[in-house]
Structure formats: C-alpha cells, structure tokens
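Since we're looking at a predicted model, the values are computed, not measured. Positions are given from 1 along the sequence.
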Amino acid sequence: MASFPSNMICPACGQVHHYRPVAVRQVATCSRCNAVLYRNRPSMIETVLALTLAGLVLFAISNVWPLLGLGIQGMEQELHLWGASIAFWEQDYPIVALLLVLNLVIFPLFELLSLLVISLTIRYRWRPQIAAFLFHWQRELRPWGMLEVFMLSILVSLVKLGTVATLIIGPAFWAFAGLIVVMAAATATLEPSTVWRELGRESPVYVPRINSIEVTWALLIAAMILYIPANVLPMMSGYQLGLEQPDTIVSGVFYLWATGQWPLALIVFVASVVVPLMKLITLSFLLITIQWKSTWRPQERMRLYQMIEYLGRWSMVDVFVIAILVGLVQFGNLARVEANAGSFSFAAVVVLTMLAARTLDEHLIWDISRQRGQVK
C-alpha cells in the first residue's frame with residue numbers, strides 16, 4: 001500500500017497541510033475554509049464495489065422496464081427512463097433531448113462503470129492509469145447525472161396527473177428508487193484522498209483557470225438574458241378535447257398550490273424560480289467582490305459558492321416534469337401535452353449557470369486575503 005504524501009493541498013482554497021493520520025471514521029478538515037481533506041473509512045473499497053455491482057443491476061432494470069404508465073378510457077401509455085429524452089426529440093427539441101439522455105442515462109452509467117473499474121483496480125492491484133483517468137472525470141461529471149432530480153420530477157408529475165387519469169407504477173420505478181440510494185451511498189463512501197493514494201497518485205494540484213472571470217461573466221450574462229423568456233414563455237401546453245392550456249413555471253406552481261399540494265408547490269417554486277435567480281445574483285456578487293479585490297469574509301463567500309454549485313442542478317426539475325408529461329400524455333385529440341419554447345430557454349439557463357459555477361475559480365476568493373496576510 002502506498003503512503004500518503006507529507007503535504008496535502010485543500011481542494012477548496014489551496015491551503016497546504018501536513019498530513020497526519022486520523023482515527024477510524026474521523027475526518028480531517030482544512031484549517032482555513034473547513035473543507036474536508038480526508039477521512040479514515042474501513043473497508044471502503046469492498047463497500048463501494050458491492051454498491052456499484054448492485055447499482056449496475058438496478059440501472060439495467062430501470063432502463064429495460066417502464067417506470068410509469070398512464071391510462072385514460074381504456075388507452076395506456078408507458079414511459080421508460082430513456083423515453084424522457086425521446087419525448088423532447090419527437091417535439092423537435094433535439095438539444096434538450098440530448099441533454100436529458102446525458103443526465104439520465106450516459107453520465108449515471110459512466111459513473112457506475114468508473115466506480116467499478118476503480119474499485120477492481122484497487123482491489124486486485126491492476127494498472128492504475130485508466131482508473132486514475134476515470135476517477136478524475138467521474139468527479140468532474142458527477143453533478144451532471146441527475147437521477148434524484150428526475151425522481152422529484154416524477155413525484156410532481158404524479159400529483160399533476162393523479163386527478164385526471166389512472167397512474168400505473170411500472171416495475172422499474174422501485175429499481176430506479178433503489179438505484180438513487182445505492183449511487184448516493186457509493187459516492188458518499190468513496191474517499192478521494194484514499195483513492196488517489198491507492199492508485200499511486202497524489203491528490204490533483206490546483207491549477208488556476210485561464211480567463212476564469214471573463215468566461216464566467218459571459219456564461220452568466222447569457223443566462224440572465226435567457227432567464228426572461230424562460231419565465232415568460234409557456235414551458236408546455238396541455239390539450240384536452242381540442243382546448244389548449246399553456247403552462248408557465250409560475251402557473252405550474254399555482255396549480256400545485258390550488259390542489260392542496262403546497263409542499264411540492266414550495267419545492268418547485270424554490271427549485272425553478274428562487275434557485276436560478278439566486279445563482280445569478282450570487283455568482284454576480286462573487287465576481288464583483290473578486291474583481292474589486294475584496295477581503296470581506298472569504299469563508300462565507302466560499303460557502304455561498306459551494307451552496308449554489310450544489311443547488312444548481314435541482315432547477316432541472318421543471319424540464320424533467322415536462323419530459324414526463326410529454327412522454328405519458330399522448331392520447332390524440334382526447335388529451336396530449338406538447339413542449340414549448342420556454343422549456344428550451346429554461347434548460348439553457350440551468351446549463352449556463354452550472355457551467356458558470358464550474359468555470360469560476362473559487363480560489364480567487366482567497367487570493368487577495370492571502371496576499372494581504374489576512375489568512376494563512
């Protein structure tokens with residue numbers, strides 16, 4: 001077994017620490033920003049390997065059998081996991097369709113296969129080159145796999161459809177729920193510093209991002225522009241007996257509230273209205289403070305950055321709801337749902353703000369304070 005390097009660099013703020021062993025199940029944190037540096041987890045690789053194998057089985061079941069079914073007057077419609085992307089493709093929104101297939105199929109499968117290769121490489125002492133490559137990209141692409149966001153969208157869709165049609169829980173639904181739990185457990189169990197050590201690598205060294213401020217501003221301004229049509233234009237239109245009912249983000253929230261589902265209404269409002277707006281404001285605030293070379297509360301600003309980076313993906317809930325409704329409610333003139341331009345604008349806002357959060361070099365928050373000797 002390889003040994004830890006004598007020095008370790010905090011991935012959040014760049015502070016250099018001298019490695020000291022910690023007791024089993026104990027955590028070492030950064031003295032500057034309180035980010036987790038490493039943990040001591042017994043039987044980590046065996047646990048991750050078992051969870052990954054279970055996840056691959058559940059992933060296969062989730063994609064082979066239907067998740068949901070909908071029945072109206074003797075007619076039935078089924079929805080598979082990959083059917084969410086097909087729904088947008090058939091509505092002439094190929095870019096959104098590609099985004100959904102990446103979020104729901106490609107990236108989760110890549111994460112599972114990467115965890116399998118990494119676990120087997122460490123367990124059986126295989127050559128670590130491929131495993132190190134996969135581990136790097138598994139961590140980079142993890143936020144773009146959105147199975148848990150899709151599960152929330154399923155719950156919202158069940159509320160919207162439950163009063164107008166007969167809902168059928170497909171055999172893959174429970175496998176999908178188990179898949180989310182298993183993948184979350186595997187990710188939480190995996191300890192990055194230990195993986196890099198076992199692969200014979202040091203933790204990645206911080207490399208400044210080129211033109212970070214300029215690129216982040218460009219993405220952020222594009223998101224600000226698209227935020228207006230995303231909230232004004234209809235996200236989808238429902239047709240029942242030839243009558244059209246357009247639906248915006250806000251009208252969808254009102255519908256959930258009016259039907260007594262205020263907890264879901266609140267969740268959707270926060271995820272689809274508050275979080276995107278909060279990301280735009282917070283990222284703008286962070287960029288301005290960095291450009292003004294502010295030394296104001298760097299730890300609190302770092303926490304703001306980490307919060308918006310984590311919450312941003314949950315804004316996809318409305319796009320997924322539309323994909324589910326479009327995929328399920330297709331009964332000709334009797335009832336059908338079609339996607340509208342607002343869904344494309346909203347998906348673009350989510351993607352652009354997520355990219356903006358990733359391109360912002362969070363170490364810049366600490367640089368001025370460090371240069372002025374206000375932090376170690």
Side-chain angles (χ1 to χ4, degrees), residues 1-42 44-45 48 118 132 135-143 184-210 212-213 216 279 282-283 285-313 354 356-376:
M1 181 180 295
S3 60
F4 268 112
S6 58
N7 291 326
M8 302 190 69
I9 299 176
C10 174
C13 68
Q15 175 76 351
V16 178
H17 295 270
H18 183 73
Y19 169 74
R20 291 185 299 175
V22 295
V24 173
R25 296 186 178 87
Q26 295 298 305
V27 179
T29 58
C30 176
S31 60
R32 177 192 290 169
C33 69
N34 207 37
V36 174
L37 296 175
Y38 51 90
R39 297 179 175 89
N40 186 346
R41 284 184 170 148
M44 181 192 72
I45 296 303
V48 172
I118 293 164
F135 186 54
H136 168 76
W137 283 105
Q138 179 261 333
R139 289 167 55 80
E140 288 291 322
L141 297 175
R142 184 191 306 154
T187 301
T189 303
L190 202 64
E191 207 294 300
S193 295
T194 303
V195 172
W196 288 121
R197 178 196 64 177
E198 295 291 347
L199 294 176
R201 303 286 197 275
E202 292 190 3
S203 299
V205 177
Y206 162 66
V207 178
R209 295 171 190 162
I210 300 175
S212 169
I213 295 176
T216 304
K279 287 186 69 176
T282 304
L283 283 171
F285 167 73
L286 292 176
L287 284 167
I288 291 170
T289 56
I290 290 171
Q291 289 185 293
W292 285 357
K293 301 185 184 303
S294 172
T295 58
W296 180 80
R297 296 181 180 273
Q299 189 166 11
E300 284 73 11
R301 283 188 287 152
M302 176 62 75
R303 287 173 180 167
L304 278 176
Y305 170 79
Q306 293 169 342
M307 180 181 66
I308 62 171
E309 188 180 33
Y310 171 76
L311 291 177
R313 57 208 296 273
M354 288 183 66
R358 295 296 295 167
T359 56
L360 176 60
D361 191 341
E362 67 271 27
H363 291 79
L364 295 174
I365 296 173
W366 297 94
D367 282 352
I368 300 301
S369 297
R370 184 167 53 247
Q371 291 170 10
R372 296 180 180 177
Q374 296 184 8
V375 295
K376 296 179 179 181

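- Around the CZ atom of Phe285, the shell of radius 6.0 Å holds more than 12 heavy atoms that belong to other residues, nucleotides or ligands.
- The main-chain N or O of Met44 is never found under 3.5 Å from a side-chain atom of Thr189 such that the two would form a donor-acceptor pair.
- With sequence neighbours excluded, the residues that form a side chain to side chain contact (heavy atoms under 4.5 Å, CB included) with Leu287 are Ile213, Thr216, Trp217, Leu220, Leu360.
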- request: Apply side chain to side chain contact (heavy atoms under 4.5 Å, CB included) to Thr194 and Glu198, showing your working.
  value: CA-CA 6 Å; Thr194 303; Glu198 295 291 347; 4.2 Å; yes
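- For Thr359 against Ser212, the heavy-atom pair with the smallest separation is O-OG, 2.8 Å.
- Counting only heavy atoms from C-beta outward, the side chains of Pro192 and Phe135 approach each other to under 4.5 Å.
- The minimum heavy-atom distance linking Tyr305 with Ala357 is given by the pair OH-O, 2.7 Å.
- Shown here are the side chain to side chain donor-acceptor pair (under 3.5 Å) partners of Glu140, two or more places apart in sequence or in another chain: Arg358.
- Taking Arg297 as the reference, Glu300 meet the side chain to side chain contact (heavy atoms under 4.5 Å, CB included) condition, with sequence neighbours excluded.
- Of the inter-residue distances, the one linking Arg139 atom CZ with Leu141 atom CG reads 12.0 Å to the nearest 0.5 angstrom.
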field: Verdict with reasoning, Met354 to Lys279, per side chain to side chain contact (heavy atoms under 4.5 Å, CB included)
entry: CA-CA 9 Å; Met354 288 183 66; Lys279 287 186 69 176; 3.7 Å; yes
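- A search for side chain to side chain donor-acceptor pair (under 3.5 Å) contacts involving Thr289 returns Arg301, not counting sequence neighbours.
- If you take CE on Met302 and CE on Met307, they are separated by 13.5 Å, rounding to the nearest 0.5 Å.
- Looking at residues two or more places apart in sequence or on another chain, you find a side chain to side chain contact (heavy atoms under 4.5 Å, CB included) between Thr282 and Met278, Leu286, Leu304, Ile308.
- The structure places CG of Leu190 at 6.5 Å from CD1 of Ile45, a figure rounded to the nearest 0.5 Å.
- When all heavy atoms of Arg313 and Arg142 are compared, the pair lying nearest together is NH2-O, 4.1 Å.
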